[in-house]
2 protein chains.
Amino acid sequence: MQRHTGRDMWDVEECQSPRMGSVILGVDGGASNTVCVCIPAAMPFNDPLPVLSRTVAGCSNHNSVGEDRARETLERVMSQALLKARRRRSNVCAVCLAVAGVNHPIDQERMLDWLREIFPSHVKLFVENDAVAALASGTMGKLHGCVLIAGTGTIAYGFTSDGREARAAGAGPVLGDWGSGYGISAQAMTAVVRAYDGRGPETVLTNNILDFLGLASPDELIGWTYEDQSWARIADLLPVVVESAESGDEVANKILHNSVGELASSVKAVVQRLQLGGEDGKHPFPLVMVGKVLEANKRWDIGKEVIDCVTKNYPGAYPIHPKVEPAVGAALLAWNAIASELDGDIRNVQ
Amino acid sequence: MQRHTGRDMWDVEECQSPRMGSVILGVDGGASNTVCVCIPAAMPFNDPLPVLSRTVAGCSNHNSVGEDRARETLERVMSQALLKARRRRSNVCAVCLAVAGVNHPIDQERMLDWLREIFPSHVKLFVENDAVAALASGTMGKLHGCVLIAGTGTIAYGFTSDGREARAAGAGPVLGDWGSGYGISAQAMTAVVRAYDGRGPETVLTNNILDFLGLASPDELIGWTYEDQSWARIADLLPVVVESAESGDEVANKILHNSVGELASSVKAVVQRLQLGGEDGKHPFPLVMVGKVLEANKRWDIGKEVIDCVTKNYPGAYPIHPKVEPAVGAALLAWNAIASELDGDIRNVQ
């Protein structure tokens, strides 16, 4: 096969036997790193799933690192996964890339063109936003239902069985993703500054956040945020806000309740647009919950509150906390699409 | 006099006559540029004020450009102002630097030490936050009252006659300066995304903002904000929000009303802490209003609404819209301090 990259990435194939079974590659490219898993195509649905190999690389969001570096990272993480699984590109029957920054059909087409240069023409290729892999990680590869991701950022993403899709939020801090880990933490820091200025009520967030950051006075928060405005660094304050709320602090509780409202409203917007609950709103559909904001804490369980809020309007929503990671979700998505095609072929023959 | 800089900045003095009258330098160092004015020390209080020279340089906030570059910019802008006014350092009797980023006594001390290396020991030196120059530009140099600045960012800063001071807001977008030009614009863009997602009401902000930015769909707002997150670029949307509110849009009106509440609350926090309105809250004090957010528009006048809101609690607040720029305010501050000392000396002699 012609080599289309200027690098030696695929030379590793020389050391692998061409006679082993077919595999599927699933890639999850998030804000901070990229994970690739290799699973067998002829897969028994065991628990745990038989993952042949797993590799990790840096960020592959083309908006953040540029197109060339994004592609290089994606090629590297895939070639290494194949090497580790002792497979060649000729063993690959499907690839699903689910990468942050894929927001338009034009992004998808560009990445598909490039994947077609790397893999033989019979290989099935799928390119999606990383939120789609998170949904698939909860539905074992089936694209139906809604996923809510709330980590450093937040997004809600949904699919109908017939392929319509919708999203809400996921626009970043400037455009008001207030339910995210970043959003919650930024609101908590703002509450500290307001209390200090005399513009807001006193709150234990002041002592708790200053202790956590090793700062002496709320004054110093300004310098701390100017130093490095990375969202993840700010989102790391989330546990402090949750603990402050659990200790009974009203300001912290209000921030978390607002966050629940924001997150639930993203889910409801997607569910409504796709009519996932049917005409009466009561049809069942999966609601996949992903990210550290939605994980249970001691008493304050943001994820549970969001589910309660959504099921008031859509009682058919059934929450799923995925047992596999999004990269496996991406692989399952490809696996599921191939299986559906085979089903279709078999039905057509019958 | 010994030269303490490695540069030739002060060589210009050779071409100036040493026999001319004393002068005062006033410097206003804001977020985007630095302005220096040179005024005569023996100044008749004419209208307009007799400004001998005015020079402009880049940003001198040490947090943004580093200490060395900040100092170089400040030295350059001052030496050029003297050159233009045909004066030498030996003609200078006072300097007031009012620079963004001066938030702590430690910042002040550092800059004073460095000014002492440049100017002869008899020169009176003052170092303040740039908000202080804005206050002085409204009070003709007297440090008493409260200033509200609302441009790209926002801050409220106040002084009592006996030298106590307080501030509110001015902490940047992460820490919730929602009344600022940036804050108003970011909320408007958020409203567009929410309407598009189905999480918020329809608004004419959608068409107006997309038209203004030359974008085809709210989707593209995400890419637009990622491209360049400079606050000033986002704050430039302010006139679009005001026009949308003036055309009757409820979403835009709500954003502007919230902004009024935020800005008034910053002023009230400062006034309350300093008891500028006296014990009964009714004593008169100046409220200096600076920045494009507070300038009158056709119908929607944010500045007027803020004043109405403040005077409900503090009827003695009398608004001042400065006729001179902050750099002149800084010079007047130094002039005023010298005049007070002279007054004191005369009284002591009598």
Side-chain angles (χ1 to χ4, degrees), chain A residues 61 63-64 101 103-104 107 155-156 166-179 182-183 185-200 217-227 229 231 233-234 261-274, chain B residues 61 63-64 101 103-104 107 155-156 166-179 182-183 185-200 217-227 229 231 233-234 261-274:
Chain A
N61 181 338
N63 284 332
S64 309
N103 294 314
H104 285 278
D107 299 324
I155 190 171
R167 61 179 272 181
V174 176
L175 300 175
D177 285 349
W178 295 116
Y182 171 90
S185 302
Q187 287 173 78
M189 290 200 296
T190 298
V192 172
V193 172
R194 295 179 85 93
Y196 184 68
D197 280 356
R199 286 182 295 152
S217 150
D219 268 343
E220 296 176 14
L221 269 184
I222 303 177
W224 185 86
T225 54
Y226 272 89
E227 252 170 47
Q229 303 201 13
W231 305 339
R233 176 171 174 259
I234 287 167
E262 289 285 317
L263 295 170
S265 116
S266 295
V267 172
K268 288 192 232 176
V270 167
V271 172
Q272 194 188 351
R273 262 155 68 201
L274 297 178
Chain B
N61 180 338
N63 284 332
S64 310
N103 295 312
H104 286 277
D107 299 325
I155 189 170
R167 61 179 269 181
V174 176
L175 300 176
D177 284 349
W178 295 117
Y182 172 91
S185 303
Q187 287 173 79
M189 291 201 295
T190 298
V192 172
V193 172
R194 296 180 84 94
Y196 185 68
D197 281 356
R199 286 182 292 151
S217 150
D219 269 343
E220 296 176 14
L221 270 184
I222 303 178
W224 185 85
T225 54
Y226 272 88
E227 252 171 49
Q229 302 200 13
W231 305 339
R233 177 171 175 258
I234 287 168
E262 290 285 316
L263 295 171
S265 118
S266 295
V267 172
K268 288 191 230 175
V270 167
V271 172
Q272 193 187 354
R273 262 154 69 201
L274 297 177

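Residue numbers begin at 1 in each chain, while the letters A, B, ... track the order of the sequences. Predicted, not measured: the structure shown is a model, and the values here were computed from it.
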Novice: Between chain B and each of Glu262(A), Arg199(A), Lys268(A), Met189(A), count heavy-atom pairs under 4.5 Å; write down the option with the most.
Specialist: Arg199(A)
Novice: Could you check which of Pro173(A), Ala169(A), Ala171(A), Gly170(A) has the highest count of heavy-atom pairs closer than 4.5 Å to chain B?
Specialist: Ala169(A)
Novice: Inspect the surroundings of CD in Gln272(A) and state if more than 12 heavy atoms from other residues, nucleotides or ligands are less than 6.0 Å away.
Specialist: no
Novice: Mind checking the OH-CG spacing from Tyr226(A) to Asn61(B)? Nearest 0.5 Å is all I need.
Specialist: 7.5 Å
Novice: Looking only at heavy atoms, what is the nearest atom pair of Asp197(A) and Ala269(B), with distance?
Specialist: O-CB, 3.4 Å
Novice: Would you mind checking which part of Val193(A) comes under 4.5 Å of any heavy atom in chain B, side chain (CB onward), backbone (N, CA, C, O), both or neither?
Specialist: side chain
Novice: Checking Trp231(B) against chain A: side chain, backbone, both or neither under 4.5 Å from a heavy atom?
Specialist: side chain
Novice: Between Ala166(B) and chain A, with a heavy-atom cut-off of 4.5 Å, which part of the residue counts as in contact: side chain, backbone, both or neither?
Specialist: neither
Novice: Any idea which heavy atoms bring Gly198(A) and Arg273(B) closest together, and the distance?
Specialist: N-NH1, 4.4 Å
Novice: If every non-hydrogen atom of Thr225(A) is compared with every non-hydrogen atom of Val174(B), which pair is closest and at what distance?
Specialist: CG2-CG1, 4.1 Å
Novice: Looking at Asp177(A), Thr190(A), Ile222(A), Val270(A), which has the largest count of heavy-atom pairs under 4.5 Å with chain B?
Specialist: Thr190(A)
Novice: Among the options Val192(A), Leu175(A), Ile234(A), pick out the one with the most heavy-atom pairs lying under 4.5 Å from chain B.
Specialist: Leu175(A)
Novice: What part of Ala191(A) gets within 4.5 angstrom of chain B, counting heavy atoms only: side chain, backbone, both, or neither?
Specialist: neither
Novice: Quick check on Tyr182(A) against chain B: is it the side chain, the backbone, both or neither that has a heavy atom closer than 4.5 Å?
Specialist: side chain
Novice: Under a 4.5 Å heavy-atom cut-off, does chain A meet the side chain of Ser185(B), its backbone, both or neither?
Specialist: neither
Novice: Quick check: closest heavy atoms across Ser265(B) and Arg194(A), and the distance to 0.1 Å?
Specialist: OG-NH2, 4.3 Å
